[in-house]
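Reviewing the structure listed below.
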Amino acid sequence: MDRRSFLKSSALGVVGAVASREAGAQGVERQAQVSDGPSLPVVVASRNGLAATQKAMEMMGAGEDTLDAVIAGVNIVEADPEDRSVGYGGLPNEEGVVQLDSSVMHGPTNGAGAVASLEGIVHPSKVARDVMTHTDHVLLVGPGALKFALAMGHEKRDLLTDEAREIWMKWKRDLSERDDWIDPADRLPRSMTPGEKHAARQMMRHHGTINCNAVNEKGEVSGVTTTSGLAFKLPGRVGDSPIFGAGLFVDNEVGACGSTGRGEANLKTCASFLVVEFMRQGVSPEEAGLRAMQRIVEKTTEPYLLRDDGKPAFGLNFYIVNKKGEYAGVNLYKGSRAQFAVHDGRENRLRDSAYLFER
Ligand code: GLY
């Protein structure tokens with residue numbers, strides 16, 4: 001079954017039908033732009049990850065482990081106060097506290113570790129690796145995660161920069177409908193007034209995050225995702241980034257997928273797992289990403305999450321690589337941000353992502 005027939009047969013309702021037409025045309029058109037043919041090693045990352053892909057490639061070139069390489073890569077962005085979506089300088093929650101989520105997966109050992117709602121530690125990805133290496137657990141959250149991080153020798157510091165504090169203060173000053181409380185009635189099928197639509201759209205705030213995945217010459221696969229999550233979220237909100245199968249999934253026999261964008265949509269579909277499972281069936285990274293994105297579109301039915309044209313009112317992106325070194329970025333929408341970082345062993349640059357919808 002080709003992509004067009006598959007998507008058509010799996011599409012549900014109007015939104016699905018629109019998506020299938022567009023994905024069929026654009027996926028094929030974009031495929032040639034994404035990959036020049038597989039080669040190893042390769043590192044892919046989200047658009048904010050060029051420094052990470054460079055660092056990871058250098059470390060793999062020096063014989064370092066794939067997971068150590070991608071963690072060292074994202075550590076650069078976690079420590080960068082200019083990136084408001086990750087680590088130090090990340091935007092805080094509703095109460096002005098920066099809460100971080102991260103997960104790591106190490107393909108060769110099938111190892112995994114994650115932390116969620118971690119406060120005061122610049123490099124949650126390193127703590128996630130410590131959870132993987134030094135405990136029999138895979139996910140620690142909140143105060144327990146912080147206690148563990150301190151016990152492992154991580155230093156505690158204030159992660160809220162003056163710039164992030166000012167952005168948070170402005171959000172507080174302007175505060176109206178731009179929070180994460182919703183009226184249960186908004187989940188029911190009904191038409192919303194333009195005013196209600198506008199208010200709902202204000203909820204779609206900044207979802208940053210960095211994901212970075214690598215495959216070395218031996219075909220060993222690892223990945224990491226790290227984030228400060230949704231800006232001004234309810235305290236304790238955990239996104240997709242620390243959840244295996246959602247913000248990150250690695251299978252050393254197949255490849256890796258990570259995600260940025262609206263975590264709630266991704267969590268309800270386990271999209272990274274889905275992408276890797278499609279690849280296991282022999283589907284290319286780009287095709288696998290488009291199919292998973294299509295699934296998310298089909299499952300997005302709440303009126304407050306839909307635009308007037310019935311398409312999702314949020315952004316979502318995947319970064320995908322298979323064991324052979326084929327890779328793709330896949331976005332829900334085309335746009336200036338529909339790019340991803342790739343180091344293919346020859347050059348390190350941003351490339352265009354495939355996408356489901358033109359706009
Ligand atoms: N994808 C990042 C988040 O939703 O927290």
Side-chain angles (χ1 to χ4, degrees), residues 44-49 52 74 77-78 83-95 97-105 114-119 124-125 128 139 141-142 145 159 164 167-168 171 178-180 182 202-213 223-249 256-275 289 292-293 296 299-300 302 305 312-320 329-333 337-338 340-341 353:
V44 299
S46 42
R47 192 172 180 276
N48 54 351
V74 300
V77 182
E78 286 175 330
D83 193 311
R84 307 243 181 274
S85 67
V86 181
Y88 178 63
L91 291 175
N93 67 15
E94 196 182 58
E95 294 178 351
V97 179
V98 181
Q99 291 186 320
L100 306 176
D101 299 336
S102 180
S103 60
V104 303
M105 292 188 78
V115 288
S117 278
L118 176 64
E119 298 175 12
S125 60
L139 173 61
V141 305
L159 302 182
I167 296 168
W168 169 64
W171 172 78
R178 300 179 69 189
D179 61 22
D180 293 306
I182 67 162
Q202 296 298 306
M203 289 174 59
M204 304 303 156
R205 298 188 304 278
H206 191 69
H207 292 84
T209 304
I210 179 168
N211 162 251
C212 186
N213 308 312
V224 56
T225 302
T226 177
T227 189
S228 51
L230 174 67
F232 322 131
K233 59 195 171 187
L234 300 183
R237 178 262 188 191
V238 173
D240 56 332
S241 302
I243 305 300
F244 309 114
L248 177 68
F249 194 70
C257 176
S259 177
T260 62
R262 180 178 159 81
E264 282 74 9
N266 194 15
L267 278 163
K268 292 202 286 186
T269 310
C270 291
S272 290
F273 179 75
L274 191 59
V275 167
M293 203 63 89
I296 284 173
K299 296 292 180 190
T300 302
E302 300 95 324
L305 291 176
F314 52 80
L316 197 62
N317 326 294
F318 301 138
Y319 314 98
I320 310 164
V330 174
N331 276 34
L332 187 49
Y333 289 103
R337 303 190 67 77
F340 66 112
S353 296

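Nothing here was measured: the structure is a model prediction, and the numbers come from that model. Just so it is clear, the values below take in all heavy atoms, side chains as well, and ignore hydrogens, waters and symmetry mates. Ligands are counted one by one from 1 in listed order, and the atoms in each one are counted from 1 as well. Heads up: numbering here begins at 1 and tracks the sequence.
The D240 neighbourhood of ligand 1 comprises atoms 1 (N), 2 (C), 3 (C), 4 (O), with distances under 4.0 Å to a heavy atom of that residue. In summary, the atoms of ligand 1 found under 4.0 Å from a heavy atom of G261, numbered by their order in the structure, are 1 (N), 2 (C), 3 (C), 4 (O). For ligand 1, the atoms lying closer than 4.0 Å to a non-hydrogen atom of S241 are 2 (C). Listed by number with element, the atoms of ligand 1 under 4.0 Å from a non-hydrogen atom of T209 are 1 (N), 2 (C).
For P235 against E95, the heavy-atom pair with the smallest separation is CG-CD, 3.6 Å. Considering every non-hydrogen atom in both S85 and T209, the closest pair reads OG-N, 3.0 Å.
Listed by chain and residue number, F273 satisfy the ring pair (Phe, Tyr, Trp, His ring centres under 6.0 Å) test with F249 (two or more places apart in sequence, or in another chain). In this view, F244 satisfies the ring pair (Phe, Tyr, Trp, His ring centres under 6.0 Å) rule with no residue, not counting sequence neighbours.
Considering backbone and side-chain N/O of G229, none are found under 3.5 Å from N/O of ligand 1. Not one N or O of S259 is nearer than 3.5 Å to an N or O of ligand 1, by distance alone.
Using a 4.0 Å cut-off between heavy atoms, R237 contacts ligand 1 through its side chain alone, with no backbone atom that close.
Between R237 and E264 there is a salt bridge, with a side-chain nitrogen of the basic residue lying less than 4.0 Å from a carboxylate oxygen of the acidic one.
The closest approach between K233 and ligand 1 stays at or above 4.0 Å for every heavy atom of the residue.
T226 is not listed as a side-chain neighbour of L100, based on a closest heavy-atom distance of 4.5 Å or more.
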